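Computed from a predicted model, the values in this text were never measured in an experiment. Naming convention: chains lettered A, B, ... in sequence-line order (proteins, then strands); numbering from 1 in each chain.
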Protein chains: 2
Amino acid sequence: MVKSDQFSITPIVASSSLRTLAYEALKAAITKMDIYGRPDEVRLDERKLSQDLGVSRTPVREALTVLEQEGFVRSEARRGVFVIKKTKKEIVGMIHAWAALESMAARLACERATDAQLKSLREIFPEFYEGRPSEHIDEYSDANIRFHQTIISLGQCEVIQDLSSNLLMHVRGIRNTALRQGERAEKSIKEHVQIIKALEARKGELAEGLVREHGLGLAAHVHQYGDYLV
Amino acid sequence: MVKSDQFSITPIVASSSLRTLAYEALKAAITKMDIYGRPDEVRLDERKLSQDLGVSRTPVREALTVLEQEGFVRSEARRGVFVIKKTKKEIVGMIHAWAALESMAARLACERATDAQLKSLREIFPEFYEGRPSEHIDEYSDANIRFHQTIISLGQCEVIQDLSSNLLMHVRGIRNTALRQGERAEKSIKEHVQIIKALEARKGELAEGLVREHGLGLAAHVHQYGDYLV
DNA sequence: ATCGGGTATCTGGTATACCAATAATCTGCC
DNA sequence: GGCAGATTATTGGTATACCAGATACCCGAT
């Protein structure tokens, strides 16, 4: 008999329910739009969204419920659904929480990750070590986020990964902006090198501390320069 | 004319929507039931829940959506909604995340809380300092949770508070069980005293480290003794 | 012209009907 | 008696209809 293992099951499309579809569409729209650019509040109309997406209100409402849970929108009864503008205080709080989680991930990564995995952190910044990251600020910004995400994934703690990815969605834009201010980029890259060294040396507590200080530095930076936030 | 300030506006009832009502009812039912006692999976029937609660499926579904987001239930298309049993690995991960957040809260509390607020931590354990907490294990268990919640609230970071309270809901049961095993309770109370002293002395990094070690100790304990989990 | 009140309209919240996919059951052939 | 195929029942997913509160608008009295 043919062993079924020999067939690589087609991943099927399976795709997703309309609810998931609506969720992804709305989330993309929200994160893409520059919320902090416009001064007025952005209101979402369930019925209009339903029409635009070509589905009924039900999956749209369920998607909005999830987005509300995640802190992207706020629903007021018989008023409307509004895209949330985070205050500076909230952003700083998120960075604090992020720093706490990432530092713990760094500690766990020291115990759990392989040498090869830790070494892969260096490859995220291929040429930036030569200096002057501010000249390739967009590429560096992406690499920067990838770096932190990698540390978190190397911690191999699913809970931390989930919580962090949620926080990242909110903070992503700010991270990029902050890099362009002051000496943030130059400061950042030096700290990254230190972090990588600590991880490779399996110095868990040191890596943990460095990651935390790095995150707290960003928080302080935003607290000081984040006047574009509410 | 009468100044409206002279009227103390009645807080109104406002109360809540049926969705919130259903959410709270379901959450209470889930957290109250001993999930890990019974070996079989618990399935929830939307239609039955609707009847029992006396509302339609819509608010029940929305409540279930939130609970799914929070990790209490898992919904399989055309299969059913199931109460999630956390694996030991997941529980340990949650405790790790909790330790990370609480330790950051401790650090922040050192900078932000008043002396009086920090001193209030001592009042949580009125008589247990005399020793033998294992004789009043139930009271001590409650006080224990209150202690950690207080530290987090003194950090005055809303994001951390929200994330932690969510984690606590999942871990609460385990925390109590762990206290009854081995010397956990005695060990725990000694560490609490150290934590309070560090906080009162405004030694932020020390308090942070102690809280983290305390949390990691619990994680290791559960990892070792938590065989009652899957 | 301005203000007050009443009405039309719009909004999210809720109830309900229908659908498709799965699982449970039945049926009939071997 | 056992098993394959068809049928029925059940379930979550979706669409739609209706409700009540809140807002916006209109109109008449002053």
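Close approach of DNA chain C to chain A, defined as any atom under 4.0 Å from a non-hydrogen atom of the protein, starts and stops at C/dT11 to C/dT14.
Within the nucleic acid shown, A/R19 comes within 4.0 Å of sugar-phosphate atoms alone, with no base atom in reach, counting heavy atoms only. At a threshold of 4.0 angstrom between heavy atoms, the contacts of B/L64 with the nucleic acid are absent.
In this structure, CZ of B/R61 is placed 10 Å from C1' of D/dT11, rounded to the nearest angstrom. Rounded to whole angstrom, the span from the CG atom of B/L67 across to the C1' atom of D/dG12 amounts to 16 Å.
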Every protein N/O lying under 3.5 Å from an N/O of nucleotides 22-26 of chain D:
none

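For A/K48 and A/D52, the salt-bridge test passes: some basic side-chain N is under 4.0 Å from an acidic carboxylate O. Salt bridge annotation for A/E68-B/R19: present, with a cationic side-chain nitrogen under 4.0 angstrom from a carboxylate oxygen. A salt bridge is defined here as a Lys NZ or Arg NE, NH1 or NH2 lying under 4.0 Å from an Asp or Glu carboxylate O, and A/E41 with A/R43 fails to meet this definition.
Heavy-atom distances to DNA chain C give each of A/L44 and B/R57 a nearest nucleotide, and the one nearer the 5′ end belongs to A/L44. Between A/T58 and B/G80, the one whose closest nucleotide on DNA chain D sits nearer the 5' end is B/G80. With DNA chain D read from its 5' end, the first of the two nearest nucleotides for A/R47 and B/E46 is the one closest to B/E46.
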For this session: Show your working on side-chain hydrogen bond (donor to acceptor under 3.5 Å, both in side chains) between A/T20 and A/S17 and close with a plain yes or no.
Result: CA-CA 5 Å; A/T20 308; A/S17 55; 3.1 Å; yes
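The distance from atom CZ of B/R146 to atom CG of B/L121, rounded to the nearest 0.5 Å, is 11.5 Å.
Using the six-membered ring where Trp is involved, A/H148 and A/H214 have ring planes that are parallel, under 30° apart on the 30 and 60° scheme.
Heavy-atom contacts from other residues, nucleotides or ligands closer than 6.0 Å to CD of A/E158 number 12 or fewer.
Annotation: salt bridge (Lys or Arg N to Asp or Glu O under 4.0 Å) contacts involving residues 92-108 of chain B, sequence neighbours excluded, comprise A/E213-B/R107, B/R107-B/E205, B/R107-B/E208.
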